[in-house]
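Letters go in sequence order (proteins before strands), and every chain restarts at 1. The analysis underlying the following values was restricted to heavy atoms, covering all of them including side chains, and did not include hydrogens, waters or symmetry mates.
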Amino acid sequence: MNRTATPLVIAGREYRSRLLVGTGKYKDFAETRAAIDASGAEIVTVAIRRTNIGQNAGEPNLLDFLPPSQFTILPNTAGCYTADDAVRTLRLARELLDGHALVKLEVLGDPKTLFPNMPETLKAAETLVKEGFQVMVYCADDPIQAKMLEDIGCVAIMPLASLIGSGMGIVNPWNLRLILDAAKVPVLVDAGVGTASDAAIAMELGCDGVLMNTAIAHAQDPVLMASAMKKAVEAGREAFLAGRMARKFYSADPSSPTTGLIGS
Amino acid sequence: MIESPAMNLVINGETRPFPEPLTVAGLVDTLGFVGKRIAVEKNGDIVPRSRYAETPLAEGDRLEIVVAVGGG
């Protein structure tokens, strides 16, 4: 069996792609769709917002371009700063998506850092799990609180690699490793990836997947970057499974034979 | 002379007058959202699509009407 084909399993459902993508910040819905197609992502996140009343009744809807029959739509609670707002938003999302239970919970702490408010995140997770939601949760890269979220019943733990939308990459690989070592549910890096090598590093660490938005949407060529991210996630996954060579500090080891040299 | 409205509803944070009593189904129709993928919350509780027609609206009801938009 090809080990690289091992699917990502979230809440009992299998996915071939380990790259999850957001749908924000694109020029238009056509570019959103083209980038998502190039990324190979099967799970795409959407936000829930008030609709415009009394105007643009005929304007196109995001879900016309990303039909729930073709993609797993992952509604998020981006922009929520309290557990109550996050729970209300996801109840609306479940109604909007015909009873769909898989959701992304994020409760933010402040608008400057968009760092998660972990007490509110834990509170919301408890309510949502009790109400039958399958909760994938954006969280701090704190192994203790990540474990708490798993114990509550979250189906995936999604620590930030660095600040949302910052493109700073994987700033604390050691904390991610601590979370990975302890988790029994999938761990996905959510937020902070800037370019393809960042995604590969996350996967080489052993992450089960990567969720990103801005790194693709704000690339000069989003569709090409989406393709690069697809390959980076696959390459990083294969490298993780292959098992990298040991690092030999201050000690070279020639790749060519040391005997049979001419003139010896 | 302007007739006094039958009721005012607070929709997505904005107060709007309506000349006659409505159900949620009637409101969705009036706003042009029939067939659109929306979700409705009334005074903090979800109104399932299957119950739009049997859910009356009253003066001062607070409604949230949402859609999916691009986000990460």
Student: With no hydrogens and no angle check, is any side-chain donor or acceptor of B/N12 less than 3.5 Å from a backbone partner on A/T51?
Tutor: yes
Student: Taking all atoms of both residues into account, what is the closest heavy-atom pair of B/A68 and A/L62, and its distance?
Tutor: O-CB, 4.0 Å
Student: Please answer whether the main-chain N or O of A/E95 pairs with a side-chain N or O of B/R49 as donor and acceptor at a distance below 3.5 Å.
Tutor: yes
Student: So which of A/L20, A/D64, A/L63, A/T45 has the largest heavy-atom pair count under 4.5 angstrom toward chain B?
Tutor: A/T45
Student: Can you check whether anything in residues 213-225 of chain A gets within less than 4.5 Å of chain B, heavy-atom wise, and list it by number?
Tutor: A/N213
Student: Who wins among B/G44, B/A39, B/G13 for the most heavy-atom pairs under 4.5 Å with chain A?
Tutor: B/A39
Student: Looking at every non-hydrogen atom in both residues, tell me the closest pair between B/G72 and A/A78 and how far apart they are.
Tutor: O-CB, 4.5 Å
Student: Do you know which two heavy atoms are closest between A/A47 and B/G70, and how far apart they sit?
Tutor: CB-O, 4.0 Å
Student: Please round to the nearest 0.5 Å and tell me the distance separating atom CD1 of B/I65 and atom CG of A/L92.
Tutor: 10.5 Å
Student: Quick one, A/I53 and B/R16 - any side-chain contact, counting heavy atoms below 4.5 Å?
Tutor: yes
Student: Could you tell me the separation between the CD1 atom of A/I48 and the CD1 atom of B/I38, rounded to the nearest 0.5 Å?
Tutor: 12.5 Å
Student: Is it the backbone or the side chain of A/K104 that comes under 4.5 Å from a heavy atom of chain B, or both, or neither?
Tutor: side chain
Student: Side chain, backbone, both or neither: which part of B/I46 has a non-hydrogen atom closer than 4.5 Å to chain A?
Tutor: side chain
Student: Shorter than 4.5 Å, heavy atoms on both sides: which option in A/R50, A/K25, A/R49 has the most such pairs with chain B?
Tutor: A/R50
Student: Count the heavy atoms belonging to other residues, nucleotides or ligands that lie under 6.0 Å from CE of A/M168, then report whether that count exceeds 12.
Tutor: no
Student: Is A/L66 close to chain B through its backbone or its side chain, or both, or neither, when contacts mean heavy atoms under 4.5 Å?
Tutor: neither
Student: Would a distance-only check, ignoring hydrogens and angles, find a side-chain to backbone donor-acceptor pair under 3.5 Å from B/R37 to A/L96?
Tutor: yes
